Trainee: 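Have a look at this one.
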Amino acid sequence: MSKNLTSRTEDYSKWYNELVVKADLAENSAVRGCMVIKPYGYAIWEKMQAELDRMFKETGHQNAYFPLFVPKSLFEAEEKNAEGFAKECAVVTHYRLQNDPDKEGKLRVDPEAKLEEELVVRPTSEAIIWNTYKGWIQSYRDLPILINQWANVVRWEMRTRLFLRTAEFLWQEGHTAHATESEALAEAELMNNVYAEFAEKFMAIPVIKGIKSESERFAGAVETFCIEALMQDGKALQAGTSHFLGQNFAKAFDVKFTNNEGKLDYVWATSWGVSTRLMGALIMTHSDDKGLVLPPNLAPFQVVIVPIYKNEEQLTAITDKAQGIISRLKELGISCKFDGRTTHRPGAKFAQHELQGVPLRIAIGPKDLENNTVELARRDTLSKEFVAMEDLVAKIKGLLKTIQDELFDKALTFRDSHITEVDDFETFKKVLETKTGFISAHWDGSAETEQKIKELTKATIRCIPMDAKEEAGTCVYSGKPSSRRVLFAKAY
């Protein structure tokens with residue numbers, strides 16, 4: 001497994017693409033814009049999935065599953081949602097091929113097998129779910145409904161990049177129904193907070209919680225809450241969104257309930273989701289020119305043990321010692337892999353585990369057995385030390401927490417040092433091109449100004465921070481009055 005990567009400073013985009021492939025995370029498939037997630041990459045996604053699923057269930061949500069296909073008439077029912085996703089939709093028009101191939105042996109669509117109604121391959125599931133909820137909800141006693149589904153969706157992207165933007169991707173999408181506006185708003189903000197906690201505690205990625213501007217909202221939402229992260233190249237990445245949908249979908253699908261006063265009312269709704277895009281965020285926040293750097297809380301293996309030996313007798317003795325270490329680590333909930341492959345030399349194993357970001361590496365040779373020590377290497381700092389065997393398990397337990405905390409602190413320091421307050425447009429453009437990162441600037445609140453800034457600089461309003469304080473000022477572009485700063489950045 002080659003580990004020679006293009007330097008991040010030389011070509012960040014090329015570095016990212018090479019790393020995803022060489023670290024065995026994913027690769028492009030035979031389907032344009034779609035990826036194959038390989039076992040090591042999927043193992044990281046499974047860790048993410050498990051933690052998020054636990055957090056969802058702790059907040060009262062249940063998992064369900066809804067169809068991949070959405071009848072076109074249902075998809076069109078909520079106009080803003082349909083308009084927002086129309087250009088990204090894949091549509092099924094026929095349901096079989098002809099039995100008799102043409103003269104060249106190529107199968108053809110059977111013209112007589114046209115669907116009575118075209119089916120949209122879900123880009124998101126609000127339409128099919130709210131049509132379903134109509135049959136589930138009659139009374140306030142049926143509410144709230146707190147549903148999540150783990151699924152794949154299709155958005156026919158023209159420009160794709162592994163994990164960051166693919167035509168098909170994996171995600172979870174929550175869809176909840178409530179009796180009151182305040183309850184739905186609280187739900188939307190709660191789930192945004194869950195995403196923020198997951199990003200910071202498990203991914204070691206500091207995020208800014210905020211609200212999207214009207215033009216950046218989810219199609220069909222009244223309000224979109226979000227978490228925004230900053231990558232090492234100074235570009236922002238939207239790491240999760242949670243939408244307050246108001247009564248838009250309930251009205252589109254005529255979902256009413258009898259409230260506790262005996263009156264009919266429309267249901268209030270939310271939807272929220274994160275996707276395999278988080279894999280891209282994880283890679284770009286922590287990794288370096290030698291490969292992946294994984295936070296211990298999400299690493300498929302937190303520790304790897306590599307034996308160094310010359311003969312079968314030495315391998316047997318080292319393996320016995322390693323199994324004892326693994327058993328003790330397992331009791332503490334620490335995942336460990338013994339790399340006993342006889343097809344690879346120790347140096348090749350070191351290179352692979354370094355490239356794949358295993359947080360801690362233990363090397364054990366015959367002299368280590370004699371001295372009752374091991375060599376312990378950290379992936380994040382590339383530092384090594386010899387540790388006495390009796391101290392090893394406690395040392396590993398402490399180091400894993402240290403690595404997790406230090407990765408977060410490093411990313412936080414970088415993020416905070418790349419938030420720049422700007423008060424005029426020339427400085428705005430200069431900072432964007434030289435320092436990069438988030439720009440904190442006043443905005444007059446108009447879509448026209450927002451669009452003009454985007455056209456001139458390619459920067460968008462990433463969010464209006466939840467903790468943004470009232471502050472009188474003038475818009476960085478128009479000079480019109482403004483009451484608070486928002487965060488701009490170039491983004492993925």
Side-chain angles (χ1 to χ4, degrees), residues 49 51-67 70 74-75 77-78 80-81 84-85 122-153 170-199 209-212 217-227 238-260 264-275 466:
Q49 198 175 23
E51 295 300 341
L52 282 165
D53 198 63
R54 174 187 59 78
M55 296 171 85
F56 297 158
K57 287 170 180 171
E58 285 179 355
T59 47
H61 300 84
Q62 295 177 294
N63 287 334
Y65 188 80
F66 296 86
V70 184
L74 292 184
F75 185 74
E78 210 294 320
K80 286 186 179 178
N81 190 253
F85 287 102
R122 65 176 170 221
T124 183
S125 296
E126 278 80 2
I128 195 74
I129 287 176
W130 276 89
N131 182 67
T132 304
Y133 282 178
K134 183 177 181 179
W136 293 6
I137 300 167
Q138 282 80 43
S139 161
Y140 70 93
R141 295 182 182 89
D142 300 320
L143 299 170
I145 293 176
L146 306 175
I147 294 290
N148 173 66
Q149 81 163 345
W150 292 95
N152 63 336
V153 289
L170 305 182
W171 77 347
Q172 59 72 212
E173 50 180 323
H175 296 271
T176 69
H178 304 267
T180 66
E181 178 181 21
S182 60
E183 188 181 311
L185 266 168
E187 163 77 7
E189 192 166 351
L190 168 68
M191 299 319 294
N192 199 54
N193 290 337
V194 166
Y195 289 152
E197 181 182 352
F198 171 75
K209 292 185 285 188
I211 299 171
K212 288 291 188 182
R217 277 180 206 152
F218 175 75
V222 176
E223 198 79 88
T224 290
F225 299 89
C226 63
I227 55 171
Q238 179 182 285
T241 50
S242 181
H243 316 292
F244 169 60
L245 303 175
Q247 295 173 310
N248 291 344
F249 284 87
K251 289 176 179 177
F253 292 93
D254 195 33
V255 185
K256 296 177 182 177
F257 72 107
T258 305
N259 64 26
N260 57 8
L264 270 182
D265 195 8
Y266 287 105
V267 176
W268 298 85
T270 80
S271 65
W272 30 273
V274 294
S275 73
M466 298 291 284

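All values below come from the heavy atoms of this structure, side chains included, with hydrogens, waters and symmetry mates left out. Quick caveat, the model's predicted, so the values are computed rather than measured.
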Trainee: From Leu245 CG over to Glu126 CD, what is the distance, rounded to the nearest 0.5 angstrom?
Mentor: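 Taking CG in Leu245 and CD in Glu126, the distance rounds to 6.0 Å.
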Trainee: Which heavy atom in Gly174 sits nearest to a heavy atom in Asn148, and how many Å separate them?
Mentor: N-OD1, 3.7 Å
Trainee: Which distance, rounded to the nearest 0.5 Å, do you find between the CE of Met466 and the CG of Asn193?
Mentor: 7.0 Å
Trainee: Is there a side-chain contact between Tyr195 and Met55, using heavy atoms and a 4.5 Å cut-off?
Mentor: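 In short, these two side chains do not touch, never coming nearer than 4.5 Å.
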Trainee: Decide side chain to side chain contact (heavy atoms under 4.5 Å, CB included) for Val194 and Glu58; before the verdict, give the C-alpha distance in whole Å, the side-chain angles of both, and the deciding distance to 0.1 Å.
Mentor: CA-CA 10 Å; Val194 166; Glu58 285 179 355; over 6 Å; no
Trainee: Please give me the minimum heavy-atom distance between Val153 and Trp171, naming the atom from each residue.
Mentor: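 It is CG1-NE1, 3.3 Å.
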Trainee: Could you tell me whether a side-chain N or O of Arg122 sits under 3.5 Å from a main-chain N or O of Phe66, the two making a donor and an acceptor?
Mentor: yes
Trainee: Determine whether a donor-acceptor pair (N or O, by modelled atom type, separation under 3.5 Å) exists between the side chain of Asn248 and the backbone of Gly220.
Mentor: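 At least one qualifying donor-acceptor pair exists.
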Trainee: Are the side chains of Glu189 and Glu223 in touch, meaning some heavy atoms are under 4.5 Å apart?
Mentor: no
Trainee: Which is it for Leu74 and Phe253 under the side chain to side chain contact (heavy atoms under 4.5 Å, CB included) test, yes or no, and what are the steps along the way?
Mentor: CA-CA 8 Å; Leu74 292 184; Phe253 292 93; 3.8 Å; yes
Trainee: Minimum heavy-atom separation for Gln247 to Tyr266, with atom names?
Mentor: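 Heavy atoms of Gln247 and Tyr266 come nearest at NE2-O, 2.9 Å.
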Trainee: So which heavy atom on Phe85 is nearest to which on Phe75, and how close?
Mentor: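 In terms of heavy atoms, the two residues are closest at CB-CZ, 3.9 Å.
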Trainee: I need the minimum non-hydrogen distance between His178 and Val267, along with the two atoms involved.
Mentor: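 Reported closest heavy-atom pair: O-CG1, 3.4 Å.
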Trainee: Just how far is it from atom CZ of Phe225 to atom CH2 of Trp272, taken to the nearest 0.5 Å?
Mentor: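 If I round to the nearest 0.5 Å, the distance is 14.5 Å.
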Trainee: How many angstroms lie between CD in Gln172 and CG in Asn63, if you round to the nearest 0.5 Å?
Mentor: 9.0 Å
Trainee: With side chains defined as the heavy atoms from C-beta onward, is the minimum distance between His175 and Phe249 less than 4.5 Å?
Mentor: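 Side chain of His175 against side chain of Phe249, heavy atoms only: no contact under 4.5 Å found.
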Trainee: Would you say Gln62 has more than 12 foreign heavy atoms packed within less than 6.0 Å of its CD?
Mentor: no
Trainee: Kindly indicate, with the supporting measurements, whether the criterion side chain to side chain donor-acceptor pair (under 3.5 Å) is fulfilled by His243 and Thr224.
Mentor: CA-CA 4 Å; His243 316 292; Thr224 290; 2.9 Å; yes
Trainee: Compare all side-chain heavy atoms of Glu51 with those of Phe198 and state whether any distance is below 4.5 angstrom.
Mentor: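 They are in side-chain contact.
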Trainee: If I take atom CD from residue Glu173 and atom CD1 from residue Ile147, how far apart are they, to the nearest 0.5 angstrom?
Mentor: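 Here the rounded value is 11.5 Å.
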Trainee: Given 3.5 Å as the limit, does a donor-acceptor pair link the side chain of Ser125 with the main chain of Ile128, or not?
Mentor: no
Trainee: To the nearest 0.5 Å, tell me how far Phe218 CZ sits from Lys80 NZ.
Mentor: 12.5 Å
Trainee: Using side chain to side chain contact (heavy atoms under 4.5 Å, CB included), reason through Asp142 and Phe257 one step at a time and then give a plain yes or no.
Mentor: CA-CA 9 Å; Asp142 300 320; Phe257 72 107; over 6 Å; no
Trainee: If you compare all heavy atoms of Ser242 against all heavy atoms of Met191, which two are closest, and at what distance to 0.1 Å?
Mentor: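 Minimum heavy-atom contact is OG-CB, 3.9 Å.
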Trainee: Looking only at side chains, do Arg141 and Asn260 share a donor and an acceptor under 3.5 Å apart?
Mentor: no
